[in-house]
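Here the structure comes first, spelled out in structure tokens, and everything after it is commentary.
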Amino acid sequence: MSTTPTDTLTQLNDTVALTDSIVPVSAADISEDTVPALTVYIPQAYESGIKGEPRVNLPGYDSGIMLLVLFTLIFAAFNIRQYSSLLKSFGQDLWSVRNRENAFDSHTLNETRIIMSLIAVLCVSEGIMMMCLGQSQGFLGNSVSFLTLLGLTAVGGLLYLFQYCSYSLVGYTFTNRNYANQWLRCFNATQAMSGLFFVIPALAVLFNPSMTGLMCVLCCLIYIGCRIIFIIKGFRIFYHNFFSLIYFILYLCTLEIVPLVLLYRCREYLSLF
């Protein structure tokens, strides 16, 4: 049964009769075109919002990782007090080869603490680079933790100890104590300089893992440059004739290439950390 405008007016007047503030509607104001039809409400896209995405778990957001990084940097900052003397000592240790120790050379306990603190920075930076590289390559999965960085930092520290002990054995076996000490100081100087240069790439990949590939290439170039300096000084110390050249080549294969190959071959075990 259809509803006429008169019936609609009667229903409206009965409804609004309870209040005096509403003006009665006349029949002339109502037509079939103005009566709203029953419609189905469809929510709009802007009312429902955008579906949330999970937060990206960046290594730099981990409090344990940042605590280790900050502790190492603060430890290095408290030990570095005389930059000029440190750089001068590095220059002598990297290039100079002397038949005898210079009486004016000073290798104090403070200098030793500086070098050790920078080597600690190097080990942590190497751990960060290996962690981010392993994550980007799928060796460590999608998440990393403080224990992961601590284990990889220990790998960098063990590599340093292995190289230092090996160079000590080679130096004291094939040359005198003076040249052996100069060679070891050159090694520590290259490691300390690498620690200085590795800090910025390591901090960059902590908060921007997409830069891992570029930063790893940069760190490799820095590492290769420091190793070339170290190898050149070793050549100046150990080369005497053709047979010493053969020994030097054997040293390069044993102590410079094999450890890196073994470390690369053990990359599948990184997921154990």
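F187 places a side-chain heavy atom less than 4.5 Å from the side chain of Y160. With contacts defined as side-chain heavy-atom distances shorter than 4.5 Å, the pair F75/T72 does not qualify. A 4.5 Å side-chain heavy-atom check between L218 and F197 finds every atom pair outside the cut-off. With a 4.5 Å cut-off on side-chain heavy atoms, F198 and I222 count as touching.
Aromatic pair F230/F235: ring centres not closer than 6.0 Å.
Here the straight-line distance linking atom CE of M131 with atom CG of L149 works out to 5.0 Å at 0.5 Å rounding. One finds the SG atom of C132 at 10.0 Å from the CG atom of N208 (value rounded to the nearest 0.5 Å). Of the inter-residue distances, the one linking L206 atom CG with S125 atom OG reads 9.0 Å to the nearest 0.5 angstrom. The distance from atom SG of C165 to atom CG of L169, rounded to the nearest 0.5 Å, is 9.0 Å. Taken from CE in M66 to OG in S63, the straight-line distance is 10.0 Å, to the nearest 0.5 Å. Distance check: E126 CD to L152 CG gives 10.5 Å after rounding to the nearest 0.5 Å.
Clustering ILVMFWY residues whenever any of their side-chain heavy atoms sit less than 4.5 angstrom apart, transitively, puts L147 in the very cluster that holds M130. At a threshold of 4.5 Å between side-chain heavy atoms, the hydrophobic network of Ile, Leu, Val, Met, Phe, Trp and Tyr places L158 and M116 in two separate groups. In this structure, M193 is not a member of the same hydrophobic cluster as I224, with clusters built from ILVMFWY side-chain heavy atoms closer than 4.5 Å. Hydrophobic clustering, with ILVMFWY side chains joined whenever heavy atoms are under 4.5 angstrom apart, groups L161 together with I115. The hydrophobic clustering, which links ILVMFWY residues whose side-chain heavy atoms are closer than 4.5 Å, places M215 and L133 apart.
Closest heavy-atom contact between V205 and A202: CG2-O, 3.2 Å. Between L203 and F207, the closest heavy-atom pair is O-CD1, 3.6 Å. Taking each heavy atom of P209 and T212 in turn, the nearest pair found is O-OG1, 2.5 Å. In plain terms, the two heavy atoms of C219 and M129 that are nearest each other are SG-CE, 4.0 Å. Residues A76 and V121 share a closest heavy-atom pair of CB-CG2, 3.8 Å. Nearest heavy atoms, S168 versus L184: OG-CD1, 3.4 Å.
Counting heavy atoms of neighbouring residues, nucleotides and ligands inside a 6.0 Å radius, atom CD1 of I200 does not exceed 12 of them.
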Trace of the side-chain contact (heavy atoms from CB on, under 4.5 Å) decision for Y179 with F238: CA-CA 9 Å; Y179 284 135; F238 291 102; over 6 Å; no
Test side chain to side chain donor-acceptor pair (under 3.5 Å) applied to N181 and Y172, step by step: CA-CA 9 Å; N181 289 334; Y172 290 118; 2.8 Å; yes
Residue pair I128, V69: steps toward the side-chain contact (heavy atoms from CB on, under 4.5 Å) verdict: CA-CA 9 Å; I128 292 173; V69 172; 3.7 Å; yes
